[in-house]
Amino acid sequence: MGEANGGAHEGMRTILIHAAFAGGCALAMLLLAFWGWMATGDRTLDIPGASLVIPGSDLQIAEGRGEVEGHTVRLHGVGARGRAILVTGIPDGAPDLTRLTDLRIPVENRDPVPEAVLMWVNAAEPGTEHAERIDLEAGMDLAEASGWDGQPAMLGLLLHGSGVAGLQIRGLEFRGDAPGPLAALRAVLQAWVEPVAFSNVTPHVVGAGSGDAPFRPTTVAIVWVLLALVVFVLLHRLRGGRGAWVGVMLIVLVAWFALDLRWQADVVHEHRNTYTSFAGVPGQARVPADYGGQDLLALVTAAKEQLEPDARVFTISGNDGLTRYVRYRLLPLPGLFQETLTRDVLRHARPGDALILLVPHEVSLLRLRRGLSAVARTRFPWQADAQAWQGAAVAVTDTLDGPMLEFRGEGRGQARVDVPFSLSSAFYRLVLHLDIPEPEGAIRLQVRRAATGGDHDETELVSERVIPARDLSAGAREFSLGFGLPARGNITVQVRGLSPGARLGALRIEYPDDAADWVAVANEGQPPVRAARLLRQHEGDLLLELQ
């Protein structure tokens, strides 16, 4: 019996030795593979902290025309001043830019190469702008740039010349010195142990650290298990051992427990944050700090207090947990939620509907003509009578409400008024007197302007309001549409979808009240541009009432 127990102990010892040797060999092979991967090319963009990449999709078009395709921004042309300007901020959690002094801008279709200027505003000097020419092909050494302190609050790229149209920009790449294998390995391990942001799945799923590591911990653990199992089985069989399944289970359990420690660290970290944030706080006031804390609760409460009961609230957020929280707090207001703001929302949302924009979002906001005087707010920039309307099969008739243009054609018609002078960059409210005795469908009220940098006969949509038939059946009434002009220009007012017998009255354009609280809202800087009144703001989180 003693010999049998001794043989069993010896067999178990052999299995443990073989499993440990196999695990060590697998680890050595992974380290060797990592060294080979580092030696095959420049891995600066792959190692956490060694670079910062701002994709083209994060660049906002402040001037010029273009669109985002995937992670690339494609420019179609310059703006009214013969240039295109792209702007962006520095993302949260970015590495120290004082160490990343090699700036490169990967572009495509650069024939000919346009002239480029890098612009920035330092966080320590918010009122001072800096600019430096940059070669799109060679990049730029920021250490030699005058005024660069490595802590920019805003970055801009100004482009001009014949090569702007068709240019594709994949983003901005800030690079530092290429890290060695040991420094790169240390950075990867550090990224693995950093706590992940808490979400609905965190208690059940092993995360991947900060997300910057080129290899996920789970992937590395699986590869290690496979390599260790191959070495163990070969070694154990060559030595004529039995009970290999014990070694297989041991190797799998080691990898399992290693990942479990990573998961436990995240749960403990979140538990400490929760206790620190909510200890002694009443249940109704417990708003996660990652969701904006009490400031977000105040923003949602303001929406319930200041909006009409039938107002729809569009919440733009890429965080599913945050979206669910806002939706619950908004009840009984109807909420519509999506990750990005679409152009259809800007076209079809009713005046009085609201937007809640939660960081991060891709919506561009423009504050124009702040602090208008009381005199400027009360005067009309322009007013026209019914004779100003143009269109086919229309005639001016006298009514109890004064002269009105009547559509006498067949089918659905349209009419337009060209404002005879350029309007300055500001916010405006368009007011139209409209009478539709027998509505046959929705009416589209539009503000359009000459396409930037294009033919003056072409127009682009600035703002649009779709008036449903149910709102037209109440007889003669006024309808308004708010809009903002980012730059001085001529506009055209169009009314589309007129049914026979429809009548249009005088048209006026006026300044809105409280101009300092108004912003222009656009999806990634592209038309349509919708005017909105700012109801509440906390850092990057905004509550806007659409006009």
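Just so it is clear, the structure is predicted and the values come from calculations on it, not from any experiment.
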Notebook entry, point to check: Between Phe174 and Leu155, is any pair of side-chain heavy atoms under 4.5 Å apart?
Noted result: yes
Next item on the list: Kindly compute the distance separating CD (Gln390) from CZ (Arg416), expressed to the nearest 0.5 Å.
Entry: 4.5 Å
Checklist line | Which residues share a side chain to side chain donor-acceptor pair (under 3.5 Å) with Glu69, sequence neighbours left out | finding: Arg74
Next item on the list: Rounded to the nearest 0.5 Å, what's the gap from CG on Leu507 to CG on Leu434? Could you check?
Entry: 11.0 Å
Item checked: Main-chain N/O of Gly147 paired with Asn122 side-chain donor or acceptor, under 3.5 Å -> yes
Checklist line | Close side-chain approach of Leu157 to Leu59, heavy-atom, < 4.5 Å | finding: no
Check: Any side-chain heavy atom of Tyr428 sitting closer than 4.5 Å to one from Ile491?
Finding: no
Margin query: Just to verify, what does Glu137 make a salt bridge (charged side-chain N to carboxylate O under 4.0 Å, His left out) with, not counting sequence neighbours?
Written below: Arg110
Item checked: Where Leu118 and Ile134 come nearest, the two heavy atoms and their spacing -> N-CG2, 4.0 Å
Check: Stepwise, does the side chain to side chain contact (heavy atoms under 4.5 Å, CB included) test hold for Phe479 with Ile443?
Finding: CA-CA 11 Å; Phe479 294 93; Ile443 296 291; over 6 Å; no
Check: Hey, what do you get for CZ (Arg312) to CG (Leu355), rounding to the nearest 0.5 Å?
Finding: 11.0 Å
Notebook entry, point to check: Which pair of non-hydrogen atoms, one from Gly56 and one from Val73, has the smallest distance, and what is that distance?
Noted result: O-CB, 3.7 Å
Margin query: Students often mix this up, so state it plainly: with edges at 30° and 60°, are the rings of Trp120 and His130 parallel, tilted or perpendicular?
Written below: parallel
Next item on the list: Working to the nearest 0.5 Å, report the span between CZ of Arg503 and CH2 of Trp389.
Entry: 15.0 Å
Check: Between Arg465 and Ser480, what is the shortest heavy-atom contact and its length?
Finding: NH1-O, 2.9 Å
Item checked: Residues that Glu63 engages under side chain to side chain donor-acceptor pair (under 3.5 Å), provided they are two or more places apart -> Arg81, Arg83
Check: When rounded to the nearest 0.5 angstrom, what is the spacing between CG in Leu75 and CD in Glu67?
Finding: 10.0 Å
Note to self: Would you compute the distance between atom CG of Asp435 and atom CD of Glu478 and round it to the nearest 0.5 angstrom?
What the structure shows: 12.5 Å
Next item on the list: Decide side chain to side chain contact (heavy atoms under 4.5 Å, CB included) for Ile509 and Val419; before the verdict, give the C-alpha distance in whole Å, the side-chain angles of both, and the deciding distance to 0.1 Å.
Entry: CA-CA 10 Å; Ile509 297 177; Val419 178; 4.0 Å; yes
Next item on the list: Please check if any side-chain donor atom of Arg448 sits under 3.5 Å from a side-chain acceptor atom of Gln446, or the reverse.
Entry: yes
Note to self: I need the minimum non-hydrogen distance between Ser51 and Pro95, along with the two atoms involved.
What the structure shows: O-CG, 3.5 Å
Notebook entry, point to check: With a 4.5 Å limit on heavy-atom distance, are the side chains of Leu498 and Leu504 in contact?
Noted result: yes
Margin query: For a side chain to side chain contact (heavy atoms under 4.5 Å, CB included) check, start with the C-alpha distance between Ile169 and Leu136, then their side-chain angles and the critical distance, and finish with the verdict.
Written below: CA-CA 10 Å; Ile169 302 176; Leu136 291 181; over 6 Å; no
Note to self: Within the 4.5 Å heavy-atom criterion, are Val493 and Leu432 side-chain neighbours or not?
What the structure shows: no
Item checked: Side-chain heavy-atom pair Ile61, Leu86 within 4.5 angstrom cut-off -> yes
Next item on the list: Taking all heavy atoms of Leu52 and all of Ala94, pick out the closest pair and write down the distance.
Entry: CD2-CB, 4.0 Å
Checklist line | With Thr492 via side chain to side chain donor-acceptor pair (under 3.5 Å) - residues at least two apart | finding: Asp418
Notebook entry, point to check: Can you name the side chain to side chain donor-acceptor pair (under 3.5 Å) partners of Arg133, sequence neighbours left out?
Noted result: Glu115
Check: What is the minimum heavy-atom distance between Ile54 and Gly89, and which atoms define it?
Finding: CD1-O, 3.9 Å
Next item on the list: Answer yes or no: is there an ion pair linking Arg496 with Glu464, defined by an N-O contact shorter than 4.0 Å?
Entry: no
Next item on the list: Would you list the pairs meeting salt bridge (charged side-chain N to carboxylate O under 4.0 Å, His left out) in which at least one residue belongs to residues 153-163, sequence neighbours left out?
Entry: none
